[in-house]
Amino acid sequence: MQKSEKKLLIDLFIWCLATPIAYLLRVGIPLEMHWPDIFIITVTMLPLKALVAHRLGFNRQCWHKVGVIDIYTIGEGTSLMGAVFFGLAAIFRESLYMPLSVPLIELIVAFLSLNAIRLIVRVMDEYHREGVAQGTDRKRIVIAGAGDLGTRIAREMLRHPESKMDPVGFLDDDPQKQNQKYLGFNVLGPIDSLKEVAKDNNVDEVLIAMPSAPGKVIRKVVEMAQEVELEHKIIPALHELLKGDTNINQIRDVDVKDLLKREPVELDNQEISDYLRDRTVLITGAGGSIGSELLRQVLKFEPEMIVMVDHSEYNMYQLDQELRKIETETTCLPEIADIRDYEVLESIIRKRKPEVIFHAAAHKHVPLMEENPDQAVLNNVGGTKNLVELALE
């Protein structure tokens with residue numbers, strides 16, 4: 001017999017047993033005179049309960065990792081059968097002894113019993129794994145961040161004692177979380193108290209679980225950890241977590257990208273509009289990745305003309321084709337030119353008379369330019385010098 005079939009049989013046994021228990025709680029002892037009614041009701045409801053349990057996947061639940069969704073599913077199934085039972089009690093109460101309170105009592109008993117068996121299995125499984133992990137070298141972990149991500153990773157540590165990671169508490173700057181408990185662990189203080197908390201609780205490692213925190217906060221945690229020679233790791237940001245469920249395997253070392261995260265820049269759109277509207281704007285490197293995106297943003301502020309300068313004929317053609325599909329009153333003029341060619345650049349500027357110049361024409365791929373430093377200097381230094389001199393003139 002497969003494991004899923006065994007689970008289904010156990011569920012049906014518990015669920016059917018809930019009926020006489022409900023009668024016992026409602027009527028009391030003795031039940032002898034009601035056994036025929038109880039037997040008929042139990043046998044009648046059995047195939048319906050089996051159908052509901054199978055359709056809702058009771059037998060596919062992983063008991064040793066049962067969660068809130070599983071509880072909801074059991075609640076859905078027992079509520080459905082409770083409604084059916086109540087309907088039968090209302091229809092056949094003249095021919096069978098079925099007090100209208102019995103279906104409600106049975107619903108509660110079944111819901112609690114079906115969840116209890118799962119909880120018992122989960123507790124025994126976690127106790128067993130904890131026993132297996134005892135005696136090994138373990139790390140005491142303080143989690144920086146008592147939000148959803150921090151509590152989820154703490155729960156994973158509890159579920160996987162073989163990871164050799166024991167949470168000792170949380171750190172969080174939210175005043176409402178101070179002195180609170182999550183999963184039985186205290187919020188030990190704000191982020192700034194890391195050094196004191198680590199010393200008082202013999203912490204081996206700090207785990208940063210603040211995916212939305214700016215780089216300066218991550219840097220502060222890392223610096224404090226380094227001062228007390230504390231190991232430090234981080235949980236990935238949200239876009240990385242979306243690739244899979246949160247688990248211990250996603251804990252990684254702090255990367256330089258975590259330290260350089262910038263806070264969002266708030267732009268003054270009105271000031272930008274006043275600066276660009278009805279003016280002539282020249283953009284160098286307009287066909288490149290940065291220049292083309294800059295052009296799209298400038299277009300939103302309705303300049304009178306945008307002069308697009310790029311030395312790549314293919315990039316300029318692609319950009320021109322894209323702009324033809326956009327409805328705008330701004331005139332967009334393509335100019336094929338190399339910013340290293342002073343005379344051509346001078347001719348364009350004298351002819352178009354730009355009032356604003358955005359310079360995005362540069363060789364930007366560092367490893368490639370390290371192999372070709374002469375071209376990097378000619379373009380990035382020489383071309384910029386040409387543009388600056390002409391702008392000043």
Side-chain angles (χ1 to χ4, degrees), residues 214-216 218-219 236-240 243 252-269 271-272 275-276 279-301 303 305-326 328 330 332-349 352 354-393:
K216 65 180 182 181
I218 306 298
R219 290 196 297 272
L238 179 60
H239 68 276
E240 296 180 63
K243 299 176 183 177
R252 58 171 173 78
D253 292 330
V254 178
D255 188 84
V256 66
K257 291 183 290 186
D258 301 310
L259 306 177
L260 296 178
K261 285 196 299 184
R262 294 183 297 176
E263 296 183 23
V265 177
E266 298 292 336
L267 298 179
D268 187 336
N269 288 333
E271 185 176 354
I272 298 173
Y275 180 63
L276 296 176
R279 305 185 81 179
T280 298
V281 178
L282 184 144
I283 300 177
T284 67
S289 58
I290 295 176
S292 60
E293 182 57 32
L294 183 59
L295 183 145
R296 296 182 192 99
Q297 299 301 323
V298 169
L299 264 179
K300 297 177 182 179
F301 297 98
M305 178 187 295
I306 298 180
V307 182
M308 307 176 296
V309 177
D310 201 288
H311 76 284
S312 170
E313 178 262 350
Y314 176 74
N315 286 350
M316 188 64 75
Y317 171 77
Q318 293 286 93
L319 182 61
D320 186 57
Q321 292 299 305
E322 177 186 333
L323 293 174
R324 290 177 186 274
K325 300 175 183 177
I326 300 176
T328 176
T330 300
C332 296
L333 296 175
E335 296 279 2
I336 305 297
D338 192 325
I339 60 171
R340 293 179 295 184
D341 192 327
Y342 185 92
E343 293 182 357
V344 173
L345 199 57
E346 180 184 28
S347 173
I348 292 172
I349 292 177
R352 303 303 182 189
E355 298 161 271
V356 178
I357 295 176
F358 289 111
H359 178 38
H363 292 321
K364 306 175 184 70
H365 297 85
V366 176
L368 185 61
M369 289 301 100
E370 287 177 338
E371 298 297 324
N372 300 273
D374 53 337
Q375 294 302 311
V377 172
L378 285 173
N379 189 80
N380 296 3
V381 178
T384 301
K385 180 175 180 291
N386 291 341
L387 195 65
V388 170
E389 289 177 351
L390 290 169
L392 290 173
E393 183 181 341

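Starting from 1, each residue takes its place in the sequence as its number. Reckoned from all heavy atoms, side chains included, excluding hydrogens, waters and symmetry mates.
The side-chain hydrogen bond (donor to acceptor under 3.5 Å, both in side chains) search around Lys385 returns Glu389, not counting sequence neighbours. Judged as a side-chain hydrogen bond (donor to acceptor under 3.5 Å, both in side chains), and not counting sequence neighbours, Asp341 has no contacts. Applying the side-chain hydrogen bond (donor to acceptor under 3.5 Å, both in side chains) criterion to Glu313, with sequence neighbours excluded, gives no partner residue. Residues passing the side-chain contact (heavy atoms from CB on, under 4.5 Å) test with Ala376 are Met369, sequence neighbours excluded. For His311, the side-chain contact (heavy atoms from CB on, under 4.5 Å) test picks out Asp338, with sequence neighbours left out. Listed by chain and residue number, Asp310, Tyr314, Asn315 satisfy the side-chain contact (heavy atoms from CB on, under 4.5 Å) test with Ser312 (two or more places apart in sequence, or in another chain). Shown here are the salt bridge (Lys or Arg N to Asp or Glu O under 4.0 Å) partners of Glu343, two or more places apart in sequence or in another chain: there are none. Applying the side-chain hydrogen bond (donor to acceptor under 3.5 Å, both in side chains) test to Gln321 and every residue at least two apart in sequence or in another chain returns nothing. By the side-chain contact (heavy atoms from CB on, under 4.5 Å) test, Asp374 pairs with Asn372, sequence neighbours left out.
Between Leu282 and Arg352, every side-chain heavy-atom pair lies at or beyond the 4.5 Å cut-off. A heavy-atom distance below 4.5 Å is found between the side chains of His359 and Ile339. Pro303 has its side chain within reach of Val298: a pair of non-hydrogen atoms, C-beta onward, lies under 4.5 Å apart. Between Leu323 and Leu295 the shortest side-chain heavy-atom distance falls below 4.5 Å.
To the nearest 0.5 Å, atom CG of residue Leu345 and atom CG of residue Leu390 are 5.5 Å apart. Rounding to the nearest 0.5 angstrom, the gap separating the CD1 atom in Ile357 from the OG1 atom in Thr280 is 11.0 Å.
Ser292 places a side-chain N or O within 3.5 Å of a backbone atom of Ser289 that can act as its donor or acceptor partner. Judged by distance alone, the side chain of Thr284 and the main-chain N or O of Ala360 form a donor-acceptor pair under 3.5 Å.
Judged as a salt bridge (Lys or Arg N to Asp or Glu O under 4.0 Å), not a single pair has a partner in residues 360-371 (not counting sequence neighbours). Applying the salt bridge (Lys or Arg N to Asp or Glu O under 4.0 Å) rule to pairs touching residues 354-363 yields Arg279-Glu355, sequence neighbours excluded. For residues 283-297, the salt bridge (Lys or Arg N to Asp or Glu O under 4.0 Å) pairs, not counting sequence neighbours, are Glu293-Arg296, Arg296-Glu322.
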